[in-house]
Amino acid sequence: MDFSLLLVLAVVISGVVYFIDVIWLRPKRRERLAKAEEAAAGNLDAPTQEKLLKEPWPVDYARSFFPVLLVVLVVRSFIVEPFQIPSGSMRPTLEVGDFILVNKFAYGLRLPVVHNRILEVGEPERGDVMVFRFPDEPSVNFIKRVVGLPGDRIRYEDKQLYVNGELVTKTLLEEGPDASPQELLLEEQLGSVRHTIYNNPRDPGPQMREVEVPEGHYFMMGDNRDHSNDSRYWGFVPEENIVGRAFAVWMHWDGGLPSFNTVRRIE
């Protein structure tokens, strides 16, 4: 189900009904009221007046919901959109059940549904955490970290990431952290961004010879390096599939009571 499409349709339908009432139906109701008052010599009772002016139920609903739906559409399409993290591919940065906020204008304003960029604002930078539509199934949203920009050369061998022939440095923080005892917790320097990743020393993980990122595309990887379905397996993300930059966790909910103890910026 494409929620953006449903929202756009709801705005269009409620807006059309509302404006038809303003332009055509409402003047007709007032005209009928004026004729009734003239026939009653100005002695028309209040219930009859109310009945003649009463809006049909579709108009009543449209008038109530149209401004609300329009505001939701504008905010969700052009400013910020909430998402829930469904998998552990971005651990330890993002946990399953985290609710995140995504900046929809960081990489340019896009029309809802068709996703065409109508205003260029900025471009993804190496190290950004980005939400995008999965190239093989555009109705599904993925979240990964931007590793390769257009023109970059990317290689991943023996759990080492190379960008343009240079090793991306990482530092061991903890062996077997409580949150994931089988992993190594490491800090990685990716561009100007320092962030944490997981590596499992007992999992050989994927090996990838050097590839060059095509123009207009991006190479994405999850921070949970041995448990992430990302560009190492299915290739590059085209620019038109970009949704926005994830910038904050505002709530965590894993089935119990919602928690706001983990509210934080996403690095």
Side-chain angles (χ1 to χ4, degrees), residues 1-11 68-115 124-125 127-147 177-180 183 185 190 193 195-198 218 220-234 237-238 240-267:
M1 182 183 296
D2 190 332
F3 182 75
S4 295
L5 177 59
L6 293 178
L7 185 58
V8 169
L9 289 175
V11 170
V68 176
L69 292 172
L70 182 61
V71 169
V72 171
L73 177 63
V74 170
V75 171
R76 187 180 182 275
S77 300
F78 303 117
I79 302 175
V80 67
E81 183 176 1
F83 287 89
Q84 182 183 12
I85 301 301
S87 73
S89 68
M90 280 297 292
R91 296 181 67 225
T93 303
L94 298 171
E95 298 288 342
V96 177
D98 281 346
F99 282 73
I100 65 171
L101 295 176
V102 173
N103 184 331
K104 297 297 291 288
F105 61 85
Y107 306 138
L109 296 183
R110 299 170 188 273
L111 292 175
V113 182
V114 295
H115 309 295
E125 297 181 2
D128 286 358
V129 176
M130 188 170 81
V131 174
F132 56 93
R133 292 178 293 114
F134 184 41
D136 292 341
E137 194 174 348
S139 62
V140 177
N141 291 311
F142 270 32
I143 181 167
K144 308 291 179 187
R145 193 174 294 276
V146 179
V147 169
D178 292 341
S180 197
E183 305 283 349
L185 178 64
L190 192 58
V193 178
H195 63 100
T196 52
I197 66 170
Y198 278 149
Y218 297 88
M220 313 297 297
M221 290 178 66
D223 290 347
N224 195 354
R225 290 291 162 80
D226 299 305
H227 307 282
S228 172
N229 180 21
D230 53 38
S231 290
R232 293 172 292 178
Y233 297 95
W234 41 257
V237 175
E240 59 265 24
N241 282 41
I242 293 175
V243 173
R245 179 174 60 83
F247 67 93
V249 175
W250 65 275
M251 185 181 76
H252 180 85
W253 183 52
D254 55 8
L257 292 175
S259 171
F260 297 93
N261 295 329
T262 58
V263 173
R264 64 191 185 278
R265 287 186 57 83
I266 296 173
E267 298 295 343

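Every heavy atom of this structure was used, including side-chain atoms; hydrogens, water molecules and symmetry mates were not.
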Check: [Y] and [X] side chains under 4.5 Å, non-hydrogen atoms:
{"X": "Arg264", "Y": "Asp98", "result": "yes"}
{"X": "Pro238", "Y": "Tyr218", "result": "no"}
{"X": "Tyr107", "Y": "Met130", "result": "yes"}
{"X": "Tyr198", "Y": "Leu185", "result": "yes"}
{"X": "His252", "Y": "Glu95", "result": "yes"}
{"X": "Glu81", "Y": "Lys104", "result": "yes"}

If you look at every heavy atom in [X] and [Y], which pair is closest and at what distance?
{"X": "Ile266", "Y": "Ala246", "value": "CD1-CB, 3.9 Å"}
{"X": "Gly222", "Y": "Asp230", "value": "N-OD2, 3.1 Å"}
{"X": "Trp253", "Y": "Leu257", "value": "CD1-C, 3.9 Å"}
{"X": "Pro86", "Y": "Val96", "value": "O-CG1, 4.0 Å"}
{"X": "Val243", "Y": "Phe83", "value": "CG1-CZ, 4.0 Å"}
{"X": "Val146", "Y": "Pro124", "value": "CG2-CB, 4.3 Å"}

[X] side chain to [Y] main-chain N or O, any donor-acceptor pair under 3.5 Å?
{"X": "Arg110", "Y": "Gly244", "result": "no"}
{"X": "Arg91", "Y": "Ala179", "result": "yes"}
{"X": "Arg232", "Y": "Asn229", "result": "no"}

When Phe247 is tested against each of Val80, Asp128, Val129 for side chain to side chain contact (heavy atoms under 4.5 Å, CB included), which residue passes? Val80
Checking side chain to side chain contact (heavy atoms under 4.5 Å, CB included) for the pair Trp234/Phe134: CA distance, chi angles, key distance, verdict? CA-CA 10 Å; Trp234 41 257; Phe134 184 41; 3.5 Å; yes
Run the side chain to side chain contact (heavy atoms under 4.5 Å, CB included) test on Arg245 and Val102 for me, step by step, so that the C-alpha distance in whole Å, both residues' side-chain angles and the decisive distance to 0.1 Å come before the verdict. CA-CA 5 Å; Arg245 179 174 60 83; Val102 173; 5.7 Å; no
Hydrogens and angles aside, do [X] and [Y] bring a side-chain donor and acceptor to less than 3.5 Å of each other?
{"X": "Lys144", "Y": "Ser228", "value": "yes"}
{"X": "Thr93", "Y": "Asp223", "value": "yes"}
{"X": "Arg76", "Y": "Ser4", "value": "yes"}

To the nearest 0.5 angstrom, please state how far the [atom1] atom of [X] sits from the [atom2] atom of [Y].
{"X": "Asn141", "Y": "Phe132", "atom1": "CG", "atom2": "CZ", "answer": "9.0 Å"}
{"X": "Met90", "Y": "His227", "atom1": "CE", "atom2": "NE2", "answer": "15.0 Å"}
{"X": "Ser89", "Y": "Met220", "atom1": "OG", "atom2": "CE", "answer": "10.5 Å"}
{"X": "Ile85", "Y": "Phe99", "atom1": "CD1", "atom2": "CZ", "answer": "10.0 Å"}
{"X": "Leu69", "Y": "Leu9", "atom1": "CG", "atom2": "CG", "answer": "11.5 Å"}

If you count the non-hydrogen atoms of other residues, nucleotides and ligands that lie under 6.0 Å from CD in Glu240, is the total more than 12? yes
Using side chain to side chain contact (heavy atoms under 4.5 Å, CB included), reason through Leu94 and Val249 one step at a time and then give a plain yes or no. CA-CA 8 Å; Leu94 298 171; Val249 175; 3.6 Å; yes
From CA spacing to verdict: side chain to side chain contact (heavy atoms under 4.5 Å, CB included), Asn224, Ile197: CA-CA 6 Å; Asn224 195 354; Ile197 66 170; over 6 Å; no
